[in-house]
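Below you'll find the structure, written out as structure tokens, and then a few comments.
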Amino acid sequence: MNLSDSRTAGQPPRRISAMEAVLAHLRAAIERGEYAVGDKLPSEAELCRTLEISRPVLREALRALQTMGLTVSKTGKGTFVVANTVEDPTFGDYAASDLLEVRRHVEIPVAGYAAVRRTPENLDHLAHLLDRMERETDTTAWVAMDTLFHLAVAEAAQNPVFRRVIEEIRDALARQSAFLNELGGRREQSNREHRAIVEALIDGSELDATDAMAHHLDRVETTLTDIVRPGHTSTTTEGGPER
């Protein structure tokens with residue numbers, strides 16, 4: 001498998017996982033037309049054999065292709081190509097662009113309200129959650145806490161409607177978080193952004209809190225853009241596919 005190494009001037013390279021390498025290979029094949037719209041991808045067994053990868057790695061890559069909107073998986077039938085370019089990834093019931101638009105209109109002002117309304121209990125909960133996230137190394141566990149963090153900020157705003165809105169998109173947030181961590185290496189950067197939000201809430205600064213949340217969502221959008229437009233992403237491969 002030919003795994004490319006693309007770099008962006010002025011940015012340090014990020015080492016990619018075996019799954020990302022497989023995803024890049026399959027995505028490029030679809031975009032080049034090797035698999036046309038309507039075509040069925042080879043079976044998992046055949047792909048594992050030809051690409052020399054494990055089935056768990058392949059399945060993660062296939063899930064990412066589906067999230068990107070390039071393929072659909074049909075139980076008992078296989079995986080079929082439905083598009084040859086990535087337009088707007090989908091997380092659960094919501095497209096990434098729709099999700100981000102709502103998050104900007106809800107979570108930025110919510111952070112401002114939280115800065116002036118938060119209680120000592122809210123701050124203790126957020127600080128404890130943030131400490132756990134910064135120590136966590138398991139992506140699945142971190143993603144679960146990521147959604148809890150955003151719920152906790154909404155709770156600190158002391159308006160149950162805000163929490164209800166975040167609850168409604170919670171599954172999509174978790175799917176997006178996992179996607180960004182798997183393909184964009186977002187965890188450490190996100191931890192820093194979360195800490196800036198918490199520090200603003202501790203200071204009781206509405207302006208700093210809204211700025212910190214806006215910056216966080218800006219970085220989410222940038223990472224999504226880099227994934228959708230891989231020429232903008234700075235990466236190097238890490239050890240090739242998992243056997």
Side-chain angles (χ1 to χ4, degrees), residues 1-8 11-32 35 41 47 51 53-73 79 81-92 94-100 103 133 136-147 171-194 216-242:
M1 179 165 54
N2 182 21
L3 305 176
S4 63
D5 177 9
S6 62
R7 309 204 177 186
T8 303
Q11 295 182 5
R14 182 180 66 81
R15 300 183 76 79
I16 68 172
S17 67
M19 185 279 286
E20 290 176 87
V22 174
L23 172 61
H25 174 80
L26 292 174
R27 177 180 175 178
I30 291 171
E31 291 176 339
R32 286 195 302 267
Y35 302 115
L41 293 184
L47 286 171
L51 300 179
I53 55 173
S54 68
R55 191 156 296 206
V57 167
L58 175 64
R59 286 178 174 172
E60 286 184 31
L62 292 176
R63 282 195 295 270
L65 283 176
Q66 186 162 328
T67 297
M68 289 178 170
L70 293 175
T71 64
V72 293
S73 295
T79 298
V81 177
V82 294
N84 55 20
T85 58
V86 179
E87 298 294 339
D88 197 1
T90 300
F91 301 108
Y94 305 113
S97 59
D98 292 339
L99 186 62
L100 186 62
R103 294 188 70 184
M133 293 178 74
E136 186 57 64
T137 57
D138 179 76
T139 297
T140 301
W142 188 92
V143 164
M145 287 187 282
D146 187 22
T147 60
D171 177 67
L173 291 179
R175 291 170 184 262
Q176 182 185 70
S177 180
F179 184 77
L180 294 178
N181 276 282
E182 289 172 358
L183 302 181
R186 274 278 302 160
R187 190 166 65 208
E188 290 185 7
Q189 185 182 67
S190 190
N191 282 340
R192 290 192 295 270
E193 294 158 14
H194 286 167
H216 177 54
L217 296 179
D218 285 344
R219 297 308 302 164
V220 167
E221 182 175 21
T222 296
T223 304
L224 275 168
T225 299
D226 286 344
I227 292 169
V228 171
R229 302 173 185 173
H232 294 185
T233 305
S234 179
T235 60
T236 61
T237 58
E238 180 176 25
E242 177 183 326

Any side-chain donor near an acceptor of the partner, [X] and [Y], under 3.5 Å:
X	Y	value
Gln176	Arg103	yes
Thr139	Asn181	no
Thr79	Ser73	yes

Compare every heavy atom of [Y] with every heavy atom of [X], then report the nearest pair and how far apart it is.
X	Y	value
Gly184	Ile227	N-CD1, 4.2 Å
Ala64	Leu23	CB-CD2, 3.7 Å
Ala83	Gly69	CB-O, 3.5 Å

Test Leu180 against every option in Arg219, Arg175, Arg186 by the side chain to side chain contact (heavy atoms under 4.5 Å, CB included) rule and name the one that passes. Arg186
With side chain to side chain contact (heavy atoms under 4.5 Å, CB included) as the test, pick out the partner of Val86 among Ile30, Thr67, Leu65, Val228. Val228
Check side-chain contact (heavy atoms from CB on, under 4.5 Å) between [X] and all other residues, then give those that pass, not counting sequence neighbours.
X	result
Thr85	Glu87
Val82	Val72
Glu136	Asp138, Ala141, Trp142, Met145

Decide yes or no on side chain to side chain contact (heavy atoms under 4.5 Å, CB included) for Leu100 and Leu224, but give the supporting numbers first. CA-CA 10 Å; Leu100 186 62; Leu224 275 168; 5.5 Å; no
In Arg192, Gln189, Glu193, the residue satisfying side chain to side chain donor-acceptor pair (under 3.5 Å) with His216 is Glu193
Under 3.5 Å, side chain of Arg187 to main-chain N/O of Thr137, donor-acceptor pair present? yes
Ser177 side chain to Leu173 backbone, donor-acceptor under 3.5 Å: no
Under the side-chain hydrogen bond (donor to acceptor under 3.5 Å, both in side chains) rule, collect the residues that match up with Arg59, sequence neighbours excluded. Glu44
Check ion pair Arg27-Glu20 (N to O, under 4.0 angstrom): no
Hits for ring pair (Phe, Tyr, Trp, His ring centres under 6.0 Å) against Phe179, two or more places apart or cross-chain, chain-then-number order -> Phe91
I need the Arg63 CZ to Glu60 CD distance, nearest 0.5 Å. 5.5 Å
So Asn84 and Glu31, do their side chains get closer than 4.5 Å, heavy atoms only? no
Applying side chain to side chain contact (heavy atoms under 4.5 Å, CB included), run through Met68 and Leu183 and close with a yes or a no. CA-CA 11 Å; Met68 289 178 170; Leu183 302 181; 3.9 Å; yes
Would Leu62 and Leu41 count as a side chain to side chain contact (heavy atoms under 4.5 Å, CB included) here? Give the steps. CA-CA 10 Å; Leu62 292 176; Leu41 293 184; 4.0 Å; yes
Partners passing salt bridge (charged side-chain N to carboxylate O under 4.0 Å, His left out) against Asp98 (at least two apart in sequence or in another chain): none
Does the side chain to side chain contact (heavy atoms under 4.5 Å, CB included) test come out yes or no for Met19 and Ile53, once each step is laid out? CA-CA 9 Å; Met19 185 279 286; Ile53 55 173; over 6 Å; no
